[in-house]
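Order of appearance sets the numbers: ligands from 1, and atoms from 1 within every ligand. For the numbers below, each heavy atom of this structure counts, side chains included, while hydrogens, waters and symmetry mates do not.
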Amino acid sequence: MQRISILGATGSIGESTLDVIARHPERYQVHALSANSKVEKLAALCERFRPAVAVVGSADAAARLSTLLRERRLPTEVAWGEEALCQISSGNETDVVMAAIVGAAGLAPTLAAAHAGKKVLLANKEALVMSGQLFMDAVAASGATLLPIDSEHNAVFQCLPVGYQRVPQGHGIAKIMLTASGGPFLQRDVATLETVTPEEAVAHPKWVMGRKISVDSATMMNKGLEVIEAHWLFGASADQIEVVIHPQSVIHSMVSYIDGSVLAQLGNPDMRTPIAHALAWPERIASGVAPLDLAEIAQLRFERPDLGRFPCLKLAYDALRTGGSAATILNAANEVAVDAFLDRRIGFRTIDRLIATVMERLPAGPVTDIGSLLEQDELARETTRALIRTMPTIRSTSS
Ligand code: NAD
Ligand code: MG
């Protein structure tokens with residue numbers, strides 16, 4: 001029986017994880033669940049999965065959750081804040097950690113799980129993008145098992161040779177090819193992107209996801225973050241990672257070998273497949289995902305990404321090539337900008353302009369420890385917020 005803590009249990013990935021776990025009660029026991037503020041939803045999950053601990057984001061949320069759990073006569077212990085998150089991700093009572101908090105808020109507990117040598121199922125790509133080398137060093141030092149949940153990276157992982165050692169050349173690998181759906185604005189007239197609304201941006205054609213990653217998919221910053229994620233997970237350079245647009249999202253990514261072979265992983269676009277794969281690895285378990293019907297899909301299309309339409313993808317490649325804290329700065333500026341866009345304080349195209357400006361203004365420095373990392377992260381956030389304050393409020397047209 002494996003004991004699992006789910007960071008971000010009320011989110012899209014959290015929900016899919018619990019769906020898979022519920023299908024295999026003989027294999028997995030939920031030790032802890034976390035949520036930021038959705039206490040009603042978390043209380044219902046506690047009733048269903050009976051974790052020993054539930055962690056929320058504030059004292060107020062903890063008080064409300066405690067009341068709900070008392071009403072349900074549940075013995076779940078309630079805690080709140082970052083230290084409590086680190087405790088459930090690194091304590092002796094857990095074997096597996098699903099890191100599915102969105103954004104930088106997930107860094108500390110995900111890193112704690114890596115330091116503690118857990119089996120870390122990584123959905124929270126921002127944590128790895130921010131901390132890069134520090135994160136991989138923690139995994140290497142503790143002997144943690146790091147398994148990618150991002151569908152592309154999970155697909156690459158499945159197409160790599162067993163025992164892969166993070167050196168593509170050492171295994172005859174020429175390229176890692178990440179597929180991208182292109183998001184909701186692949187066909188849209190670029191001139192009209194200035195005025196798209198948050199509702200239009202989060203309406204992803206293929207995947208149902210949280211709001212932040214949905215906006216990232218619309219700008220293709222999501223793919224940019226994934227290029228950086230692939231660099232750290234697989235030891236590939238920027239030149240060894242290629243992005244190809246594939247609107248059907250059936251091929252989740254590919255590995256191209258020097259003999260001309262290209263291995264791909266296919267499946268319906270449903271996150272329960274990578275989640276089940278990582279949970280059971282190296283075994284296989286049922287996930288509840290419908291079998292792929294290729295004849296029904298009939299056609300798979302591919303095209304090169306247009307960097308004029310998707311400048312965020314170029315900014316991410318630039319950050320990866322620059323190295324040091326450039327990716328930390330990119331990620332921080334993006335989180336602040338996306339938040340402002342979802343709040344209707346800035347327009348859609350302002351997201352990429354803000355990130356480019358912040359990256360120009362802040363030189364990338366070395367990331368030697370968590371202190372210097374958080375300093376540069378905070379400076380980039382403050383710089384982005386200050387830029388937003390100086391801009392006229394841009395409201396989306398249909399709100
Ligand atoms: P979501 O918005 O649906 O859920 C986010 C979860 O994080 C929630 O449980 C929320 O309570 C928690 N959370 C948010 N802010 C927090 C804070 N400040 N402190 C503590 N907890 C907080 O997001 P999601 O779509 O499930 O994505 C989660 C992560 O997985 C992201 O990093 C995303 O990039 C990655 N990911 C998601 C998908 C997907 O299909 N949804 C695919 C690949 C990768
Ligand atoms: Mg992905």
(message) Is there a salt bridge (charged side-chain N to carboxylate O under 4.0 Å, His left out) between R27 and E283? Walk through the geometry before answering.
(response) CA-CA 12 Å; R27 294 179 79 112; E283 294 170 42; 3.2 Å; yes
(request) Take R3 and E93 through the test salt bridge (charged side-chain N to carboxylate O under 4.0 Å, His left out) and record every step on the way to the result. (result) CA-CA 7 Å; R3 300 161 305 170; E93 303 79 16; over 6 Å; no
(request) For the pair E194 and R353, evaluate salt bridge (charged side-chain N to carboxylate O under 4.0 Å, His left out) and give the outcome as yes or no after the intermediate values. (result) CA-CA 11 Å; E194 294 283 355; R353 291 186 195 125; 2.6 Å; yes
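Its N, O or S atom nearest to the Mg ion (ligand 2) is what matters here, and for D150 that atom is OD1. For E152, the N/O/S atom at the shortest distance from the Mg ion (ligand 2) is named OE1. Of all the N, O or S atoms in E226, the one closest to the Mg ion (ligand 2) is OE2.
With no hydrogens or angles considered, no side-chain donor-acceptor pair links D239 and S237 at under 3.5 Å.
Taken together through direct or relayed side-chain contacts under 4.5 Å among Ile, Leu, Val, Met, Phe, Trp and Tyr, V139 and L7 form parts of separate hydrophobic clusters. Residues L279 and V30 are members of one and the same hydrophobic cluster, defined by side-chain heavy-atom contacts under 4.5 angstrom among Ile, Leu, Val, Met, Phe, Trp and Tyr.
Contact check for R272 versus S16: side-chain heavy atoms found under the 4.5 Å cut-off.
Annotation: ligand 1 has protein neighbours G8, A9, T10, G11, S12, I13, A35, N36, A100, I101, V102, A105, A123, N124, K125, E126, D150, M209, G210, I213, M271, each with a heavy atom less than 4.0 angstrom from the ligand.
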